[in-house]
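Below is one structure, written out as structure tokens; the observations come after it.
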Amino acid sequence: MPRHIAIIMDGNGRWAKQRGMDRVMGHREGVETVRRIVEECGKLRIPYLTLYAFSTENWNRPQYEVEALMRLMSAAIRSEVPKLMENHVRLNAIGHLEDLPQVCQEEMSEACQLTAKNDGLTLTLSLSYSGRSELKYCIRKLAQQAIDGAINPQDIDEQTITNSLYTNNIPDPDILIRTGGEQRISNFLLWQIAYTELFFTPVMWPDFDGQHLREIIYQYQNRERRFGKTSEQVQQENLDGTQK
Ligand code: IPE
Ligand code: IPE
Ligand code: MG
């Protein structure tokens, strides 16, 4: 089973448009999908789920849509806490959270605190997040530490960078799913997905369900992750592993 699934939840706007509805209705429906997928991941005992909810670039959308998204987010976070507790979900947020409206920040930090001791799924929401901006803040932090004499630039290795990102205590995703048919990364988790298995589905996010998720996990289980090695090496290692 995968340890960490990351999802670019795309297609809300088109889903609504296809039905002659306002884009915001698609986002509303998208919240239902989040609930469904969180529950499914809990049932499947997936330890980490990371959702791309709002990108740094999404601030450039029409103001009414941005405001509606923020309101929807605050309301959803508040109303979901009992359900999160019931399902043992620990809520977490990554991104430049200072950009979010004050109420949103407060709802988020309160919900994170309330669920901090849960030992089930770790649900991470990416809010005002982009991979490049995450790397920018990471580099600034390391540069400052070097100036302060706390670290030697020669000692900065891949682990140092991994540990300085928002995702420092989360393993790299095994699976990245993008719904909505586009085949691009749109600035999500750039460093972390170096060896992630990618899945693109035409299903719009409001229509995505547990069955779609299980089918992707099944496909994942039939892929050979070689991490640069040959197929023969990987098969030998698997054999050695089962014999141990
Ligand atoms: C994803 O759906 C949700 C957010 C980016 C917040 P979209 O709103 O991008 O939906 P489409 O791509 O326009 O259909
Ligand atoms: C990516 O979707 C961001 C989120 C799902 C939050 P977008 O709809 O913003 O991506 P682009 O603009 O199509 O690349
Ligand atoms: Mg989109």
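Just follow the structure's listing: the first ligand is 1, and inside any ligand the first atom is 1.
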What closest approach, in Å, do T115 and V89 show between heavy atoms, and which atom pair accounts for it? CB-O, 3.4 Å

Output for pair (I8 CD1, I177 CD1), nearest 0.5 Å, gives 10.0 Å

Flag for T160-N163: side-chain donor and acceptor within less than 3.5 Å: no

Atom indices of ligand 2, in the order listed, that fall short of 4.0 Å to a heavy atom of R184: 11 (P), 13 (O), 14 (O)

Taking 2.8 Å as the strict upper bound, the Mg ion (ligand 3) has protein N, O or S neighbours numbering 1

Within 45 degrees of the ring normal and closer than 6.0 Å to the centroid, is that where the cationic atom of R223 sits relative to F199? yes

Aromatic plane relationship, Y129 with Y52 - under 30° parallel, 30 to 60° tilted, over 60° perpendicular: perpendicular

Euclidean distance, D174 CG relative to Y220 OH, rounded to 0.5 Å: 4.0 Å

Donor-acceptor pair between E134 and Q192 side chains, under 3.5 angstrom: yes

Do E57 and N187 have side-chain atoms, one donor and one acceptor, less than 3.5 Å apart? yes

Determine whether a donor-acceptor pair (N or O, by modelled atom type, separation under 3.5 Å) exists between the side chain of S128 and the backbone of L100. no

Sorted by chain and residue number, the residues with a non-hydrogen atom under 4.0 Å of ligand 1 are M9, D10, G11, N12, G13, R14, R23, H27, A53, N58, R61, L69

Distance only, no hydrogens: is a donor on one side chain within 3.5 Å (strictly under) of an acceptor on the other, for T50 and H4? yes

